[in-house]
Amino acid sequence: MAKHLTVLALLLTLTCAAASSPEPRLYTAQYDVYEDGSIKAGMTSTLKKTDNNQYRLTDITEGTAGLASLLNFQRTETTDFIVQPDYIEATRHSMRQKVAFKNKYFEFHHRPGEPVYQGLDDKKPFQVNSEQPLLSTQLISWQLTRDVCHQPEKTLQWSVLKSNQAKQYSFDIIAVDNHKTLVHRRYQNRPDKSTAIWINTQDCIIEEIIYKKDDKVVRTVLENITYQTP
């Protein structure tokens with residue numbers, strides 16, 4: 001279970017997007033993580049404003065039952081980002097994960113408008129140059145929800161700084177039913193994996209993510225969300 005929680009967190013950390021307002025809505029949300037029908041972990045996601053057009057997203061995931069609890073699974077991610085009129089620019093990101101006696105740490109920082117991204121992958125420093133702004137993995141579903149709600153297209157794609165490399169994440173809009181949109185992440189040459197994301201486009205939130213790999217199914221489900229004033 002702990003391994004699948006790690007994979008899910010790396011793929012799509014749940015976040016919520018802005019509603020009809022051009023400025024993102026601030027919130028605190030709780031999610032339950034299920035494996036094969038049983039709750040195994042919980043996640044709290046918080047978006048707050050730090051300055052003009054600047055925000056901080058924090059996600060904390062903890063094992064609450066089963067192996068995830070026994071191994072003391074904990075994962076904390078934080079991304080500082082700027083909301084531009086046409087894109088989002090991540091300025092700083094950090095991830096710290098603990099499973100039993102194993103620890104992982106990753107961070108990067110980036111000065112707006114410059115192509116250089118510097119960081120640490122565990123204890124190894126790295127530098128990546130990109131003329132196109134790179135998202136953190138944590139910001140992917142925030143950006144996904146934002147675009148599906150306000151700029152819907154059949155195919156969506158972004159460049160992401162994962163580990164110490166720039167990688168492409170691609171998504172396809174599969175179906176639209178009233179105020180709900182189903183999105184699939186596209187995996188290259190990986191028929192054993194799938195990720196389905198249900199987005200409520202009326203409230204602009206992700207309601208559920210279903211991640212499958214081989215015979216394992218992990219569901220992450222929105223339980224509660226509280227919006228805050230700026």
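Only this structure's heavy atoms are used, side chains among them; waters, hydrogens and symmetry mates stay out.
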request  = Compare all side-chain heavy atoms of Met43 with those of Arg75 and state whether any distance is below 4.5 angstrom.
outcome  = no
ask   = Can you tell if the side chain of Ser45 reaches within under 4.5 Å of the side chain of Tyr31, non-hydrogen atoms only?
value = yes
request  = Report whether Trp142 and Ile225 are members of the same hydrophobic cluster (ILVMFWY, side-chain heavy atoms less than 4.5 Å apart, transitive linking).
outcome  = yes
Where Met95 and His93 come nearest, the two heavy atoms and their spacing = CB-NE2, 4.1 Å
message = Show the nearest heavy-atom pair for residues Gly63 and Ala41, with the distance to one decimal.
response = CA-CB, 4.0 Å
ask   = For the side chain of Tyr117 and the backbone of Leu134, is there at least one donor-acceptor N/O pair under 3.5 Å apart?
value = yes
query = So how far is it from Ile82 CD1 to Thr91 OG1, rounded to the nearest 0.5 Å?
reply = 5.5 Å
query = Has the side chain of Ser141 got a donor or acceptor atom that lies under 3.5 Å from a matching backbone atom of Leu144?
reply = no
task = Let me see the working for Ile39 and Val33 under side-chain contact (heavy atoms from CB on, under 4.5 Å), right down to the final yes or no.
result = CA-CA 6 Å; Ile39 295 178; Val33 182; over 6 Å; no
query = Do Thr201 side-chain atoms and His179 backbone N/O form a donor-acceptor pair below 3.5 Å?
reply = yes
task = Report yes or no: does Ser130 contribute a side-chain atom to a donor-acceptor pair with the main-chain N or O of Gln132 at less than 3.5 Å?
result = yes
query = Are the side chain of His184 and the backbone of Phe171 linked by a donor-acceptor contact shorter than 3.5 Å?
reply = no
ask   = So, do Tyr87 and Phe81 have ring centers that fall under 6.0 Å from each other?
value = no
ask   = Taking it one step at a time, do Ile197 and Ile206 satisfy side-chain contact (heavy atoms from CB on, under 4.5 Å)?
value = CA-CA 7 Å; Ile197 307 123; Ile206 289 180; 3.8 Å; yes
message = Any salt bridge linking Arg96 with Glu107? Criterion: basic side-chain nitrogen under 4.0 Å from a carboxylate oxygen.
response = no
task = Flag yes if Val83 and Ile140 sit in one hydrophobic cluster, no otherwise; membership is Ile, Leu, Val, Met, Phe, Trp, Tyr, and two members link when side-chain heavy atoms are under 4.5 Å apart.
result = yes
query = Do Asp192 and Arg190 pass the salt bridge (charged side-chain N to carboxylate O under 4.0 Å, His left out) test, and can you show the C-alpha distance, the side-chain angles, and the key distance before you say yes or no?
reply = CA-CA 5 Å; Asp192 59 318; Arg190 291 302 304 266; 2.7 Å; yes
query = Got a second to check how far Thr145's OG1 is from Ile199's CD1, nearest 0.5 Å?
reply = 4.0 Å
Arg185 to Tyr169 six-membered ring, cation-pi geometry met (6.0 Å, 45°) = yes
key: Residue of the set Arg56, Gln54, His110, Arg92 for which side-chain hydrogen bond (donor to acceptor under 3.5 Å, both in side chains) holds with Asp80   = Arg56
inquiry  = Checking side-chain polar atoms at under 3.5 Å, does Gln157 have a donor or acceptor matched by the opposite partner on Gln168?
reply    = yes
key: Cluster overlap Ile173 with Trp158, hydrophobic side-chain contacts below 4.5 Å   = yes
Test log, rule salt bridge (charged side-chain N to carboxylate O under 4.0 Å, His left out), inputs Arg219 and Glu35 = CA-CA 6 Å; Arg219 296 173 56 244; Glu35 182 180 34; over 6 Å; no
message = What I'd like to find out is whether the side chain of Gln165 reaches to under 4.5 Å of the side chain of Phe126, using heavy atoms alone.
response = no
message = Test your reading of the model: is there a side-chain donor-acceptor pair from Glu89 to the backbone of Gly113, 3.5 Å cut-off?
response = yes
query = After noting the C-alpha distance and the side-chain angles of Ser94 and Thr78, does the key distance pass the side-chain hydrogen bond (donor to acceptor under 3.5 Å, both in side chains) rule?
reply = CA-CA 5 Å; Ser94 68; Thr78 300; 4.5 Å; no
message = Same cluster or not: Leu222 versus Leu182, using hydrophobic residues (I, L, V, M, F, W, Y) connected whenever any side-chain heavy atoms lie under 4.5 Å apart?
response = no
inquiry  = Keeping Asn200 on the side-chain end and Asp203 on the backbone end, is there a donor-acceptor pair under 3.5 Å?
reply    = yes
key: Electrostatic pair Asp172:Arg186 at N-O distance under 4.0 angstrom   = yes
ask   = Judged by atom type as modelled, is there a donor-acceptor pair below 3.5 Å linking the side chain of Asp32 to the main-chain atoms of Val221?
value = no
inquiry  = If I compare all heavy atoms of Asp121 with all of Ser163, which pair ends up nearest, and what's the gap?
reply    = OD2-CB, 3.8 Å
query = Transitively linked via ILVMFWY side-chain contacts under 4.5 Å: Trp198 with Val183?
reply = no
ask   = Does the distance from a Lys or Arg side-chain N to an Asp or Glu carboxylate O, for Lys180 and Glu207, drop under 4.0 Å?
value = yes
inquiry  = Would you say Thr28 and Tyr227 are linked by a side-chain donor-acceptor pair, where the criterion is simply a distance under 3.5 Å?
reply    = no
ask   = Of the non-hydrogen atoms in Leu135 and Ile88, which two are nearest, and what is the gap between them?
value = CD2-O, 3.7 Å
task = Locate the shortest heavy-atom distance separating Asn164 from Phe106; write the atom from each residue and the value.
result = N-CE1, 4.4 Å
query = Got a second to check how far Cys149's SG is from Gln202's CD, nearest 0.5 Å?
reply = 10.5 Å
inquiry  = Could you check whether any side-chain heavy atom of Lys212 comes within less than 4.5 Å of a side-chain heavy atom of Ile210, counting everything from C-beta outward?
reply    = yes
key: Rounded distance (nearest 0.5 Å) linking atom CD of Gln30 with atom CG of Asn224   = 5.0 Å
request  = Quick one: pull up OG1 in Thr79 and OH in Tyr55 and give me the separation to the nearest 0.5 Å.
outcome  = 15.5 Å
inquiry  = Let's go through Thr195 and Tyr187 carefully: what are the C-alpha distance in whole Å and the side-chain angles of both, what is the deciding distance for side-chain hydrogen bond (donor to acceptor under 3.5 Å, both in side chains) to 0.1 Å, and is it a yes or a no?
reply    = CA-CA 9 Å; Thr195 300; Tyr187 292 95; 2.6 Å; yes
ask   = How about Thr137 and Glu77: do any of their side-chain heavy atoms sit closer than 4.5 Å?
value = yes
note = When every non-hydrogen atom of Asn103 is compared with those of Asp122, the smallest separation belongs to O-OD1, 4.3 Å
ask   = Hey, is the main chain of Leu57 close enough, under 3.5 Å, to the side chain of Gln138 for a donor-acceptor pair?
value = yes
request  = Rounded to the nearest 0.5 Å, what's the gap from CG on Leu26 to OG1 on Thr46? Could you check?
outcome  = 10.5 Å
